[in-house]
Peer 1: 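Starting off with a structure, shown below.
Nothing fancy with the numbering, it's 1 onward along the sequence.
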Amino acid sequence: MSNINIHFDTNLTINFNSKDIPRYIPSIFKILNLDPSTQINILFVDNNKIAELNSEFRGILEPTDILSFSPDFSGTYYGTRKFKKLNNIEFPKHSNNNKILIGDLAISLEYIKNQSENKKIIFDNEIKKLIIHGILHLNGYDHENIKDEKKMTEKQNYILNQIEN
């Protein structure tokens, strides 16, 4: 069984019921041939926190929908200087060290809420799609060029279709 750790930042004012997430993440892991004991940490935050993380770890001074933090794959830093702050991301601590950590996702519920209001996106479906997107990043997928973006989008849509059926 996969180990899915969900945490909500203390400053978050948007209510979201995350009970469905542990139901579909094991299916995503299975489709990607990941070990069933794989662990993932998901932190739901607001736009201020995601902008702070985006600035610190990517050099982009604006909010975004999702950030992926992988122990195996590094992302691109777009800023001129990188400042490291210790203990900036506070994921829940868990005692089960026998799990394989795939990585951490930080998702802005505020960003998604604003997008869903502006684009008529269904909130829960967008979170599911972003979790798939983040897990693909944690597995080395990226969208830095058109070829990679196409490959990642096709895989993301395939997984989304499989877990919704």
Side-chain angles (χ1 to χ4, degrees), residues 2-22 24-25 28-29 38-97 99-145 148-149 152-153 155-156 159-160:
S2 51
N3 192 8
I4 302 149
N5 306 305
I6 299 171
H7 184 68
F8 292 87
D9 189 67
T10 55
N11 295 329
L12 193 59
T13 59
I14 297 171
N15 292 324
F16 168 65
N17 186 345
S18 60
K19 68 175 174 39
D20 287 337
I21 293 172
Y24 59 77
I25 287 183
I28 298 168
F29 289 173
T38 298
Q39 176 180 326
I40 188 167
N41 300 313
I42 302 173
L43 175 64
F44 290 102
V45 298
D46 62 13
N47 276 350
N48 288 335
K49 185 64 171 181
I50 203 101
E52 179 184 320
L53 295 171
N54 205 18
S55 175
E56 181 176 347
F57 292 99
R58 297 183 67 225
I60 299 173
L61 305 172
E62 61 187 39
T64 188
D65 49 6
I66 185 169
L67 293 171
S68 304
F69 299 94
S70 170
D72 298 320
F73 302 102
S74 61
T76 303
Y77 185 78
Y78 297 97
T80 55
R81 292 189 297 169
K82 188 171 185 178
F83 296 98
K84 280 279 188 194
K85 295 179 188 173
L86 297 177
N87 301 321
N88 195 30
I89 304 175
E90 294 183 21
F91 287 96
K93 305 293 184 242
H94 298 278
S95 60
N96 191 342
N97 293 328
K99 303 292 182 183
I100 300 165
L101 178 64
I102 189 175
D104 306 317
L105 302 178
I107 299 173
S108 173
L109 291 180
E110 183 179 357
Y111 192 94
I112 298 166
K113 184 175 185 276
N114 292 342
Q115 290 290 95
S116 65
E117 290 171 354
N118 295 335
K119 295 183 178 179
K120 305 295 183 212
I121 296 171
I122 299 171
F123 191 81
D124 289 354
N125 289 348
E126 188 65 11
I127 290 173
K128 186 185 299 182
K129 185 171 131 184
L130 286 172
I131 287 174
I132 295 167
H133 186 88
I135 291 172
L136 287 173
H137 274 306
L138 296 176
N139 276 276
Y141 286 81
D142 213 333
H143 43 78
E144 292 293 319
N145 60 56
D148 290 344
E149 181 178 13
M152 185 173 182
T153 301
K155 190 69 163 184
Q156 180 178 304
I159 293 169
L160 187 60

Peer 1: Do you know which two heavy atoms are closest between L105 and I131, and how far apart they sit?
Peer 2: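 That closest heavy-atom pairing would be CD1-O, 4.1 Å.
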
Peer 1: Tell me, do T38 and N3 make a side-chain contact under 4.5 Å, heavy atoms counted?
Peer 2: no

Peer 1: So for atom CG, which belongs to N15, do other residues, nucleotides or ligands contribute more than 12 heavy atoms lying within a distance under 6.0 Å?
Peer 2: no

Peer 1: Calculate, to the nearest 0.5 Å, the distance between atoms CD1 and CD1 belonging to I6 and I107 respectively.
Peer 2: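 So the CD1 of I6 and the CD1 of I107 are separated by 9.0 Å.
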
Peer 1: Compare all side-chain heavy atoms of K49 with those of N11 and state whether any distance is below 4.5 angstrom.
Peer 2: no

Peer 1: Taking the side chain as every heavy atom from C-beta outward, state whether S70 and N139 have any atom pair closer than 4.5 Å.
Peer 2: no

Peer 1: Could you report the tightest heavy-atom contact between I50 and A106, atom names first, then the distance?
Peer 2: CD1-O, 3.4 Å

Peer 1: So D142 and L136, side-chain contact (heavy atoms from CB on, under 4.5 Å) or not? Walk me through it.
Peer 2: CA-CA 8 Å; D142 213 333; L136 287 173; over 6 Å; no

Peer 1: Taking the side chain as every heavy atom from C-beta outward, state whether I25 and I42 have any atom pair closer than 4.5 Å.
Peer 2: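 When only atoms from C-beta onward are counted, I42 and I25 do touch, with a gap below 4.5 Å.
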
Peer 1: What are the two closest non-hydrogen atoms of F8 and L43, and how far apart are they?
Peer 2: C-CD1, 4.3 Å

Peer 1: Is the backbone N or O of L12 less than 3.5 Å from a side-chain atom of D46, with the two atoms forming a donor-acceptor pair by type?
Peer 2: no

Peer 1: Could you check whether any side-chain heavy atom of L67 comes within less than 4.5 Å of a side-chain heavy atom of R58, counting everything from C-beta outward?
Peer 2: yes

Peer 1: Check whether the side chains of N5 and N41 place a donor and an acceptor atom closer than 3.5 Å, and report yes or no.
Peer 2: yes

Peer 1: For D148 and E144, indicate whether the former's side chain and the latter's backbone hold a donor-acceptor pair under 3.5 Å.
Peer 2: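 Flag not set: sc D148 to bb E144 has no pair under 3.5 Å.
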
Peer 1: Are F44 and I127 close enough, and set up right, to give a side-chain contact (heavy atoms from CB on, under 4.5 Å), and what steps lead you there?
Peer 2: CA-CA 10 Å; F44 290 102; I127 290 173; 4.3 Å; yes

Peer 1: Check this for me: does any side-chain nitrogen of one of K113 and E110 sit under 4.0 Å from a carboxylate oxygen of the other?
Peer 2: no

Peer 1: Considering all heavy atoms of both residues, which atom of N47 and which atom of S108 are nearest to each other, and what is their separation?
Peer 2: OD1-OG, 2.7 Å

Peer 1: Looking only at heavy atoms, what is the nearest atom pair of I66 and L130, with distance?
Peer 2: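 Residues I66 and L130, closest heavy atoms: CD1-O, 3.1 Å.
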
Peer 1: Let me confirm one number: the CD1-CG distance from I102 to L138, rounded to the nearest 0.5 Å.
Peer 2: 5.0 Å

Peer 1: Looking at Y24, is K128 sitting on its ring face, NZ or CZ under 6.0 Å from the six-membered ring centre and within 45 degrees of the normal?
Peer 2: yes

Peer 1: When rounded to the nearest 0.5 angstrom, what is the spacing between CD in E52 and CG in N54?
Peer 2: 11.0 Å

Peer 1: Please find the pair of heavy atoms, one from L61 and one from S55, that lie closest to each other, and give the distance.
Peer 2: CD2-OG, 3.0 Å

Peer 1: With side-chain contact (heavy atoms from CB on, under 4.5 Å) as the test, would you mind laying out the steps for D20 and N17 before giving the verdict?
Peer 2: CA-CA 8 Å; D20 287 337; N17 186 345; over 6 Å; no

Peer 1: With rounding to the nearest 0.5 Å, note down the distance linking CD1 in I112 to CD1 in I122.
Peer 2: 13.5 Å

Peer 1: To the nearest 0.5 Å, how far apart are CD1 in I28 and CD1 in I135?
Peer 2: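 Rounded to the nearest 0.5 Å, the CD1-CD1 separation comes to 4.0 Å.
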
Peer 1: Between atom CD of E126 and atom OH of Y111, what is the distance when rounded to the nearest 0.5 Å?
Peer 2: 9.5 Å

Peer 1: Given side-chain contact (heavy atoms from CB on, under 4.5 Å), test K155 with H133 step by step and report yes or no.
Peer 2: CA-CA 9 Å; K155 190 69 163 184; H133 186 88; over 6 Å; no

Peer 1: Are side-chain heavy atoms of Q156 and K129 found at a separation under 4.5 Å?
Peer 2: yes

